[in-house]
Each structure stands twice: as C-alpha cells, then as structure tokens.
Student: 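Below is a structure I'd like to ask you about.
Model, not experiment: these values are computed from the prediction. Quick note on labels: first sequence line is chain A, next is B, and so on, each numbered from 1.
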Number of protein chains: 2
Amino acid sequence: MLKYQAIAADIQRSIEDGSLKPNDKLPTVVELCQIYDVSKITVKRAFDILVEKGLIASRRGSGTFVKSSQDMSDPRGTGAYIKGDARTLGFTRSDRARGFTVEHQDEGAITSVVYDFSIVTPPEKVARHLGIQPDDFTYHHCRVRCLDERPIVIESTYMPLDLIPGLKKSQLYKSVYSYIQETLGYKISSFHRIIRAVAATEEEAERLQTAPGTPLLELEQIGFFDDGTAFEYSVSRNVGDRAELRDVNVV
Amino acid sequence: MLKYQAIAADIQRSIEDGSLKPNDKLPTVVELCQIYDVSKITVKRAFDILVEKGLIASRRGSGTFVKSSQDMSDPRGTGAYIKGDARTLGFTRSDRARGFTVEHQDEGAITSVVYDFSIVTPPEKVARHLGIQPDDFTYHHCRVRCLDERPIVIESTYMPLDLIPGLKKSQLYKSVYSYIQETLGYKISSFHRIIRAVAATEEEAERLQTAPGTPLLELEQIGFFDDGTAFEYSVSRNVGDRAELRDVNVV
DNA sequence: AAGTGGTCTAGACCACTTC
DNA sequence: AAGTGGTCTAGACCACTTC
C-alpha cells in the first residue's frame, strides 16, 4: 500500500473508531510529516483522499478538522443502497455509517436471476459507446439481482467479445467484475454514468415484482479499463423504494 | 490560475478543438515538463484532473492517451440535464459534448416560481443534518424551476438563519449560491447527496405540470462550506423525462 | 537497454489566520 | 510575528512496457 493511502486509512480509522471526533482538529501537516516520517506533499495527498470522502475539511491558516458527522445511511430503512463506486464492488448493501460498504456475496443473501445470456451484434448506440463496429460481436446479458429474495435491480449489459474471452454464464451469478480483474488481470479504472428516473415497463415490473409504472432509478453506464478501453455498456434499473445512490461531491 | 489547472485546461482545449484526437498519445510527462517549464508532479496533477473528467488515461511504461470519445450528451434530446456539480452552478442545461455546462440564467430561458419563502424551525431530521438545534430558525423555501416555461424541478431547501443573514425572496429568482459566494464571501466546497427515484405526489404533479405517479429523480443533499459547516439541506425532485444527472466515476 | 508514468523527498515560497 | 495549509521545484527511485 502506498504511503499516502496508508496515512489516509489510518486517519479514517481514527475518525471511525471515535479517537477523532467531529470538529476535532487534526495534527498539523508538519506534525503529521514527523509522525509518519514523510514529506508535506504526501500528507497533502492523504488529506485529498479524506476530503474527497467528505470526512475532513482544511482551512488554510488555521488547520484541518473532522467534519461534523453527516450520517445519511439508510434513512428509509431500505436495507440496500448503491454507493458511488458500487459498480466495481458489484452489488452491495449498507454496512455502517459514513457510506462504508461491503460485499455480501458470500453470505448468500444476494442472488441473481439470469434472463438472457447470449452473443449478439450490438445496437448501433451501444457499438458507438463501446468504440466498436456494429458487426463486432458482444456478450449480452440481462439479469435481476435480489437481496434476501427481493428483486432490487434489473440490468442489461453488453461487453465486447474480443476483450473478455471465456465469460461463462456461471460467472453471472457471481461478480463479473472480479472475473475480469482477477482472472483476466485487467484493471477497471472508471465509469461514465447517466442517472435518470423512469417508469417500469410491464416486463420489468413482473421481473422486479412490482407494478408497471413504478419509479425506477436508471443508471446508463460505460466502464473503462485503465488504458481507456471501454469494456462495458450497461443500463440498470433499480426499484425506487429499494435502492438509492450516494455521492460526495467536492467542488 | 494555478499551474496545474492551467496545464489541464490547455490540454482539455486541445482535445475539444480536435488538435488531440481520440487514442492520440500525449507528449510524455518529461516533455510536458519542458513545454510548460514545470516539474513532473505538476504535470501529474494536471493529468489527475483530466483523468477525473474522463478525458485521458495513463499507462505506466507506455504513455498517456486521449480516451475514445464517449459523447453521451443529451441522448434523449431533453434539452436539460444536471451535471455532477450542477448544484454550485445553479440550474444548468446542456451546452456541448463532454458534459460541459454553462449557466443560462441571463438568457431568460430559466425561470423560477416560488411557492414558499419563510423562516421556520426545521424538522428534526433537517436540524440533525445541518448540525443545529431543532429550535434554531432556518429559512425554508420551495420553488419550481422551469426551462423555456417547462417545469423541470421542484426544490425544498432549509438554510440556517444565523449563517446566511439577509436572504431576500428576490434572490430566489436568481441563484442563491452566487448570493452566498459573492455577496457573503463564503466558499462552498462540497455536497453530500443521496439520489433516488420516487413517484410524484398530487401536489408535485400539479406544480410540475405532469401526472401523479410520474417518476421523479430525487436528490437529497447537504451542502458544506470549506470549513466543514453544513449550510443547506435540500430535497429536489426532477421530472424524470426532463432532466438527468451525469457522473464520471474514477475508481 | 531505453523509455514510460507514479511516488516520494526536502525544502522554498506563498496566502491566509490567529494572536 | 508566528503558525497554518497549498503549490511547486529538482531530482531520486521505482514499476512497468517496449524493443
């Protein structure tokens, strides 16, 4: 682990276990340089991570402070939410405050129903977003993911065949991302997303065990490897009252 | 403007005007150091900005490349969308590709209808999120914002009275954020958000000129000054087929 | 072996806040 | 005047890719 990540993780731990309380002043940058035996720029990068997470705020001339707790976790008791970076984790659910999330795939509470898994030529729009030709083959799969037997989201995903050889239906019941990252060794680096509210169609309503017209949170998304290659185009629709998306937005 | 920001802006300009095309290789870090007469870490920070925006990707050992264009602007032709950081800009609409947005308040196309502007004691939940006591006074306002006469979003906002003296109803027809930043001199630094899909109530439907039950994109949001003080709690509900939210998510 | 980007140092210099 | 965080340098060292 890199030094600035280690320092950020260490400070985050102090905040989460209560040794640093809301509005507490952190040690100064120079003190932290001595404590961790690093240079200023390394402490600054650690701060950047925690500012990005919404945990601290710095004031030039006066110091760096723990933000007053803004515990927005699971306010409607839905028991499930999607974090900002949830797509890399696969499906997640709320674990504790501060938006910290953990995978629960091994606990058996999260299940998938696969409605389609095939190799097709993609729609023109999908081909364009993936940067491939319309006659290049892609995997297409459609699945519903459930938390404790309750359908949460229906996803439709396209991935270029060339990029991801050997994908099998059985992987769809687990995390496709871990297959890509661990088995194939690619590094997923970013997602471009558009978020909308839409009404459930009849088919979606049936598969999601809800009524047609029910509000769904739609995520249209393109995933990229760290070399900038688009590896995935996906549209997922989450049942409005069973999922939500969290975000920390630094200006 | 800081050096790394200037370099990032310069490279972004080259990408947008086509001098750098998708998949083109940028000059190496060392070359850019010479071109701009800066050190490596400054070039790296410029790269970080552009990676964050989804414009470039670096590959250790081989170079830095322009991402293949992922033009997702206004795919449904709604003519209006909310960018990731739109809340600081106030209400915005699509201007060009790559998610670049501009304010259009001076063109008269964006209008507001204010349904309520009063000083009240906040609900318990709001007080908690703002870090104030339930008997501390807050401004409360509810308004509908329209693009070309068409209602897009209904907002309900609470702001602590103590923090923002002198707010008048007339400001609500312009941007409250510019009042806070320019007139009062505070610096807005971040927002915590939860995004959901919900159904329009009868009252909302009437004010938004749509049908009850229509899917709305809800943003529940807390805004912070750069010293970590929460200055705003707001819930806004955007008509599903008239607005969308964009996002670039770096893992 | 040569070239690439990423991390990190030790310290200069600056803007801003506090006293 | 002293203390705070933010930017930036010049360069070392490293991990990785390309040839």
Student: Does atom CG of D17(B) have more than 12 heavy-atom neighbours from other groups under 6.0 Å away?
Tutor: yes

Student: Residues of residues 26-33 of chain B with any non-hydrogen atom less than 4.0 angstrom from an atom of DNA chain D: list those, numerically ordered, please.
Tutor: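 Nucleic-acid contacts, sorted: none.
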
Student: Please confirm whether the backbone N or O of T42(B) pairs with a side-chain atom of Y36(B), one donor and one acceptor, at under 3.5 Å?
Tutor: no

Student: Between F191(B) and F231(B), how do the two ring planes meet: parallel, tilted or perpendicular, split at 30° and 60°?
Tutor: perpendicular

Student: Reading DNA chain C from 5' to 3', where do the contacts with chain A start and stop? Cut-off is 4.0 Å to heavy atoms.
Tutor: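 Listed 5' to 3', the contact boundaries are dT7(C) to dT18(C).
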
Student: Near D37(A) CG, under 6.0 Å, is it more than 12 heavy atoms from other residues, nucleotides or ligands?
Tutor: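 No - once you tally the heavy atoms of other residues, nucleotides and ligands closer than 6.0 Å, there are 12 at most.
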
Student: Do D10(B) and R13(B) have side-chain heavy atoms sitting under 4.5 Å apart?
Tutor: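 Yes, close enough: below the 4.5 Å cut-off.
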
Student: On DNA chain C, does the nearest nucleotide to Y36(A) precede the nearest nucleotide to R59(A) from the 5' side, or the other way round? Give the residue.
Tutor: Y36(A)

Student: Just checking K40(B): base, sugar-phosphate only, or nothing, at a heavy-atom cut-off of under 4.0 Å?
Tutor: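 K40(B): base contact, heavy atoms under 4.0 Å.
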
Student: Report which part of the nucleic acid D37(B) touches: base, sugar-phosphate, or nothing (heavy-atom distance under 4.0 Å, all strands).
Tutor: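 Sugar-phosphate contact only - D37(B) comes under 4.0 Å of backbone atoms but never of a base.
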
Student: Taking all heavy atoms of S112(B) and all of R145(B), pick out the closest pair and write down the distance.
Tutor: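 Scanning both residues completely, I find the closest heavy atoms to be OG-NE, 3.4 Å.
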
Student: Could you label the plane-to-plane angle of the H129(B) and Y233(B) rings as parallel, tilted or perpendicular, counting under 30° as parallel and over 60° as perpendicular?
Tutor: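 The arrangement is parallel - the two ring planes meet at less than 30°.
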
Student: When you measure from the side chain of T138(A) to the backbone of V120(A), do you find a donor-acceptor pair of N or O atoms at a distance under 3.5 Å?
Tutor: yes

Student: Can a salt bridge be assigned to the pair D48(A) and R45(A) using a cut-off of 4.0 Å between side-chain N and carboxylate O?
Tutor: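 No, this pair does not count.
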
Student: Let me spell it out: for each of I41(B) and G63(B), pick the nucleotide of DNA chain C with the closest heavy atom. Which residue's pick is nearer the 5' end?
Tutor: G63(B)

Student: Looking only at heavy atoms, which two atoms of L32(B) and P27(B) are closest? And how far apart?
Tutor: CD1-O, 3.6 Å

Student: Quick one: are L163(A) and L130(A) in side-chain contact, heavy atoms under 4.5 Å?
Tutor: no

Student: Paired stems touching DNA chain C, three or more consecutive Watson-Crick or G-U pairs with both distances under 3.5 Å?
Tutor: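 So far as stems of 3 or more pairs are concerned, DNA chain C shows C:1-18 with D:1-18.
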
Student: Counting any heavy atom closer than 4.0 Å, what does V43(A) reach on the DNA or RNA strands: base, sugar-phosphate only, or nothing?
Tutor: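 Touches nothing.
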
